[in-house]
Each structure stands twice: as C-alpha cells, then as structure tokens.
Student: 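Take this structure first; my questions come after.
Remember, it's a predicted structure, so these values are computed and weren't measured experimentally.
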Amino acid sequence: MKNKKLKIDIVADEQIVGSTQYTISVNVTNISGKDIHQLDVFPTHTIGQQLTSLNEIENVELSELEEKKNKIINEMQKQIDSAYERNQLNSLNTFQKFVLLFVQVIDIYAGMFGYLTGKKTVKSTPTWAIEALKIDDWEDVERIEHDVMGKIEEDRFLKRAFLINKDKLKRIIDKINLQSELGSSNELNKGFTLAAGETLTFPFSFKAPHLLKSKVGETQFKTSYKESENGTAINSSITQKIKIYPSAFAVPTGSMLGSICGYLIKLSLISSNSLTQINWSSMSGSILLGLLVALVTARKSNTTKAITVEDFLGGFIIGSLTGLFSENFLDKLKILIQ
C-alpha cells in the first residue's frame, strides 16, 4: 500500500495453522523525503487473538534511555497479564471455572497434536481485555496499579516487582524529559522516528483460533505518525487476506468419531446386531485404526500423497470407511504380517 508519506507492506507466515502461534510483519518505508515522528503500527482487526507479549521492533536505533524504558514497559505488561489471569481465576464461580477448565482441556488436546505442525499452542489474554491492559501513559500505570495490581496480595513478588519497575520507569521518564526540548510530559511515547528512505519492521504475534476447516479472512493494521513540518497527526489503514488451515487435531478427531459411527453402522445395519452387543475391544481397535489412517493421510506441507485429508469432514469420512471395513482391513493386514 502507498500513501503520500509511507509505503506499507504486510508479510504473513507462509503457512498458518489453527490453534498455533503465527506472525505478521508490517514493513513501513518512509518515501516522503523528510523525517516522520512518533510512528506506530497496531492491529485493528485480526483472525484469532493478539498475544500481549510485546514484540521487539526490527531495524531501529534507540537511545540507551529509550531502550531501557521499552524493556521496563514490556516487563510490566507481562506482569499485568499475569495479575489479570490470577484475578480472573479468583473471581470465577463454580460454573465459570468449569467452563474455563473445558477450554483448557481443549487447548491441551490441541497441543497434543502440535508435533504434526511443528508449532506449539499458546495462551493469550482475551481480545476485549488487551486495550484495557495496555500501558500508553503514566495515568495507565497508576490506574492499572489500582484496579489490577491492587487485588494481588501484598506479599506476592509479582506485585513487588511491578512496583519496582514503576519506580524505575518514573526515573527514566524524568531523565528523558530533562533531555527533551518539549519539556516535561507524562506521555509514554512508544512511537519511532523514521528517517527519509528508511524502513522499519513491526512484528506481531497472534494465536490462531481452533479450526475444523480452513478459513480465509482479513487482517487490518492502522499506522499513525506526525509530520515533521507542522506536527499534524496522520492515520492510515491497510488490510490483507490470510488463509488459516485447520488445526492439527481436526483430521484425527474427525477420523476417530467417524470410526465410531462406521462401527455402529456396521453393527446395527450390516450385522443386524443390537447396539447393546457392542464389542468394546473391537470398537477401540476401530478407533485406533481410524486414528492411524488419519495420521498417515493428513495433509502436511511440502509433501505429496495419493490420498490427502485436510479437515474434520475429510477425517470423518475416512474414519467412517475405516470403521465400516475395519475387519476386512485387519484380515488383509494379518495376511501381510504372516
């Protein structure tokens, strides 16, 4: 994308898989011929959840004080996230804790298949809480200290560490203000100065949602900066479509459920037996066989297969066929083994 001052490009991971962390980088080039100030980039629409751990901006030179300030803010942001999680857990009722446990079980289950993609599942703060917990100025620090950290027990090291960082941050801001021509300010300006012709890369990390099938959607980022001549604030947006493939657990889960359905269909319709005559060992074998077939046929990047299954529905179909013909398959397998 081009505007009068900037050239902005979005670069996403080549393959994004559900339930895992993915990265999008926003490259910003100054094409105006003059320096621009307080440059900042932030996502306004994402697929999944933005991870609140802040990213290091690439290709940027900072003073020693500015670098220390950013490191302290990053650490305080992580402490705020931890405090938020503790407070949320303590405020839940029994039903809400059960729902949270269910969500955690889903995350653990998704993580069991992480080796299929080479990526781990991740936790993140809810999207609606990210902006509320973000530090933008000194008033945010004091408000979060009162509303979030104030609920943490006094003897907790988490709270003491936050207060220590708060004192350090205040001293650094005072030193920066002494060196600044603008005088004293409570703004924790995290923007950057971008010289003419130079490029900055802003990386962002997200947690892709749990998906049973592929999803295509748009991600949007907003860029803000101030012109050097008159200090006018300029805002612009850029969007780009990205595709997210199904989570690694989609095919195996579909195949195991399909195996159960296939076995029950064979038992009740083909064998004319009652469902009370279920042979649990045979059903377990059918499920394991369906899982094996799913793992063999599941889609993997940079590989070519005669039969490829990509999502939950494909896994369910191949699992149903496995459940229906599991005995024939096992008989032929016995012959091969002998």
Student: Indicate, with yes or no, if L295 and I260 share a hydrophobic cluster defined by side-chain heavy-atom contacts under 4.5 Å among Ile, Leu, Val, Met, Phe, Trp and Tyr.
Tutor: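 Cluster IDs for I260 and L295 match.
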
Student: Hey, are the side chains of R86 and K151 touching, using non-hydrogen atoms and a 4.5 Å cut-off?
Tutor: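 They are not in side-chain contact.
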
Student: What's the verdict on side-chain contact (heavy atoms from CB on, under 4.5 Å) for N165 and Q79, showing C-alpha distance, side-chain angles and the deciding distance?
Tutor: CA-CA 10 Å; N165 281 335; Q79 292 163 351; 3.0 Å; yes

Student: Report yes if the side chains of S214 and P246 come closer than 4.5 Å at any heavy-atom pair, otherwise no.
Tutor: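 Sidechains of P246 and S214: in contact.
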
Student: Drop me the distance from L194's CG to T29's OG1, to the nearest 0.5 angstrom.
Tutor: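 It comes to 7.5 Å.
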
Student: Under the ring-ring contact (aromatic ring centres under 6.0 Å, His included) rule, collect the residues that match up with F98, sequence neighbours excluded.
Tutor: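 So F98 forms no ring-ring contact (aromatic ring centres under 6.0 Å, His included) with any residue.
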
Student: Who are the salt bridge (Lys or Arg N to Asp or Glu O under 4.0 Å) partners of R171, not counting sequence neighbours?
Tutor: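 Result, salt bridge (Lys or Arg N to Asp or Glu O under 4.0 Å) vs R171: none returned.
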
Student: Which heavy atom of I318 sits nearest to which heavy atom of S255, and what is that distance?
Tutor: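 Smallest heavy-atom distance, with atoms named: CG2-OG, 4.3 Å.
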
Student: Might you point out which heavy atoms bring G48 and P209 nearest each other, and give the distance in Å?
Tutor: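 Heavy-atom minimum between the residues: CA-CD, 3.7 Å.
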
Student: Does F102 sit in a hydrophobic cluster with other residues, and if so which ones, taking ILVMFWY side chains as linked at heavy-atom separations under 4.5 Å, directly or through other members?
Tutor: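 Same cluster as F102: I106.
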
Student: In sequence, state the C-alpha distance, the side-chain angles, and the governing distance for K68 and K168, and then conclude on side-chain contact (heavy atoms from CB on, under 4.5 Å).
Tutor: CA-CA 9 Å; K68 285 183 178 179; K168 287 184 177 181; over 6 Å; no

Student: Name all residues meeting the side chain to side chain donor-acceptor pair (under 3.5 Å) criterion together with K215; count only those two or more places apart in sequence or in a different chain, and write none if there are none.
Tutor: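 None.
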
Student: My understanding is that only residues two or more places apart in sequence, or in another chain, count here; which of them pass salt bridge (Lys or Arg N to Asp or Glu O under 4.0 Å) with K159?
Tutor: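 For K159, the residues satisfying salt bridge (Lys or Arg N to Asp or Glu O under 4.0 Å) (neighbours in sequence not counted) are E154.
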
Student: Would N30 and E198 count as a side chain to side chain donor-acceptor pair (under 3.5 Å) here? Give the steps.
Tutor: CA-CA 6 Å; N30 183 354; E198 290 189 350; over 6 Å; no

Student: For side-chain contact (heavy atoms from CB on, under 4.5 Å), just list the numbers for L163 and M149, CA-CA rounded to whole Å, side-chain angles, deciding distance to a tenth of an Å, and then say yes or no.
Tutor: CA-CA 9 Å; L163 295 176; M149 287 296 172; over 6 Å; no

Student: CD1/I8 to CZ/F202 distance, rounded to the nearest 0.5 angstrom?
Tutor: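 That separation rounds to 9.5 Å.
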
Student: How close do A294 and P252 get, heavy atom to heavy atom, and via which atoms?
Tutor: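 A294 and P252 have their closest heavy atoms at CB-CA, 4.0 Å.
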
Student: Do the non-hydrogen side-chain atoms of L39 and L200 ever get within less than 4.5 Å of each other?
Tutor: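 In contact.
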
Student: Is there a continuous path of hydrophobic side-chain contacts, each under 4.5 Å between heavy atoms, that joins I287 to L264?
Tutor: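 Result: yes, single cluster for both.
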
Student: Measuring only between side-chain heavy atoms, which start at C-beta, is I135 closer than 4.5 Å to Q77?
Tutor: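 They are in contact (side-chain heavy atoms under 4.5 Å apart), so the answer is yes.
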
Student: Of all residues at least two apart in sequence or in a different chain, which pass the side chain to side chain contact (heavy atoms under 4.5 Å, CB included) check with Q220?
Tutor: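 For Q220 the side chain to side chain contact (heavy atoms under 4.5 Å, CB included) partners, ignoring immediate neighbours, are T44, H45, S237, T239.
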
Student: One pair to check against side chain to side chain donor-acceptor pair (under 3.5 Å): Y109 and T253. What are the steps and the verdict?
Tutor: CA-CA 10 Å; Y109 179 71; T253 302; 2.5 Å; yes

Student: Looking at T201, T199, D9, which one forms a side-chain hydrogen bond (donor to acceptor under 3.5 Å, both in side chains) with N27?
Tutor: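 The option that passes is T201.
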
Student: Which residues satisfy the salt bridge (Lys or Arg N to Asp or Glu O under 4.0 Å) test with D140, sequence neighbours excluded?
Tutor: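 For D140 the salt bridge (Lys or Arg N to Asp or Glu O under 4.0 Å) partners, ignoring immediate neighbours, are R143.
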
Student: The criterion is side chain to side chain contact (heavy atoms under 4.5 Å, CB included); which residues satisfy it with F221, sequence neighbours excluded?
Tutor: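 I10, I24, V26, V41, P43, F204, F206, T219, I238.
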
Student: Can you name the residues that form a salt bridge (Lys or Arg N to Asp or Glu O under 4.0 Å) with E14, not counting sequence neighbours?
Tutor: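 Residues passing salt bridge (Lys or Arg N to Asp or Glu O under 4.0 Å) with E14: none at all.
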
Student: In terms of hydrophobic clustering (I, L, V, M, F, W, Y; side-chain heavy atoms under 4.5 Å; direct or indirect links), are V216 and V17 co-clustered?
Tutor: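 V216 and V17: separate clusters.
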
Student: In chain order, what residues pass the side chain to side chain donor-acceptor pair (under 3.5 Å) check against D311, with sequence neighbours excluded?
Tutor: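 Residues passing side chain to side chain donor-acceptor pair (under 3.5 Å) with D311: none at all.
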
Student: With sequence neighbours excluded, what pairs up with F162 under the ring-ring contact (aromatic ring centres under 6.0 Å, His included) test?
Tutor: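 If we apply the ring-ring contact (aromatic ring centres under 6.0 Å, His included) test to F162, skipping adjacent residues, there are no hits.
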
Student: In Å and rounded to the nearest 0.5 Å, what is the NZ to CG distance from K213 to L211?
Tutor: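 Interatomic distance, K213 NZ to L211 CG, rounded to 0.5 Å: 10.0 Å.
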
Student: Measure the CG-OG1 distance between L291 and T322 for me, rounded to the nearest 0.5 Å.
Tutor: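 One gets 10.5 Å once the value is rounded to the nearest 0.5 Å.
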
Student: Take atom NZ in K166; do more than 12 heavy atoms of anything else shown fall under 6.0 Å from it?
Tutor: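 Enclosed.
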
Student: Do D40 and K226 sit within salt-bridge range, that is, some charged N less than 4.0 Å from a carboxylate O?
Tutor: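 The answer is no: the pair does not qualify as a salt bridge.
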
Student: Answer with yes or no whether the hydrophobic clustering places I152 together with F157; edges join I, L, V, M, F, W, Y residues whose side-chain heavy atoms lie under 4.5 Å apart.
Tutor: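 Cluster IDs for I152 and F157 differ.
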
Student: Can you tell me how far the CD1 atom of I172 sits from the NZ atom of K71, to the nearest 0.5 Å?
Tutor: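 NZ of K71 is found 10.5 Å from CD1 of I172.
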
Student: Would you check if the side chain of S247 reaches a backbone N or O of F249 as a donor-acceptor pair within less than 3.5 Å?
Tutor: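 No: the side chain of S247 does not pair with the backbone of F249.
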
Student: Considering residues at least two apart in sequence or located in another chain, which fulfil the side chain to side chain contact (heavy atoms under 4.5 Å, CB included) criterion with L288?
Tutor: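 So L288 forms no side chain to side chain contact (heavy atoms under 4.5 Å, CB included) with any residue.
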
Student: Output yes when E153 and R156 qualify as a salt bridge under the 4.0 Å nitrogen-oxygen rule, no when they do not.
Tutor: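 Here E153 pairs with R156 in a salt bridge, since their nearest N and O are under 4.0 Å apart.
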
Student: Any chain of hydrophobic side-chain contacts (each under 4.5 Å) joining V11 to I244?
Tutor: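 Each belongs to a different hydrophobic cluster.
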
Student: Going through the checks in order, is the side-chain contact (heavy atoms from CB on, under 4.5 Å) test met by S320 and F316?
Tutor: CA-CA 6 Å; S320 299; F316 186 86; 3.6 Å; yes

Student: Show the nearest heavy-atom pair for residues W138 and K170, with the distance to one decimal.
Tutor: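 Nearest pair, atom of W138 first, then K170: CH2-CB, 3.6 Å.
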
Student: Should Q21 and K207 count as side-chain neighbours, where that means a heavy-atom distance under 4.5 Å?
Tutor: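 Side chain of Q21 against side chain of K207, heavy atoms only: no contact under 4.5 Å found.
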
Student: Contact between V251 and E310 at the side-chain level, heavy atoms closer than 4.5 Å - yes or no?
Tutor: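 The answer is no, as the side chains (C-beta and beyond) never meet within the 4.5 Å cut-off.
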
Student: How many angstroms lie between atom OG1 of T20 and atom CD of Q15, to the nearest 0.5 angstrom?
Tutor: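 Answer for the OG1-CD pair, T20 versus Q15, is 9.0 Å.
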
Student: Measure the shortest side-chain to side-chain distance between I234 and S224 over non-hydrogen atoms and say whether it is less than 4.5 angstrom.
Tutor: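 A side-chain contact under 4.5 Å is absent here.
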
Student: Does the S82 side chain pair with the main chain of K78, one donor and one acceptor, at a distance under 3.5 Å?
Tutor: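 Judged by distance alone, yes, a pair lies under 3.5 Å.
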
Student: Can you give me the closest heavy-atom contact between G323 and K266, atom names plus distance?
Tutor: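 For G323 and K266, the tightest heavy-atom pair comes out as O-NZ, 3.5 Å.
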
Student: Looking only at heavy atoms, what is the nearest atom pair of N235 and K222, with distance?
Tutor: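 Minimum heavy-atom separation between N235 and K222: OD1-CE, 3.5 Å.
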
Student: Going by heavy atoms in the side chains, are L6 and Y225 under 4.5 Å from each other?
Tutor: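 Yes, their side chains come closer than 4.5 Å.
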
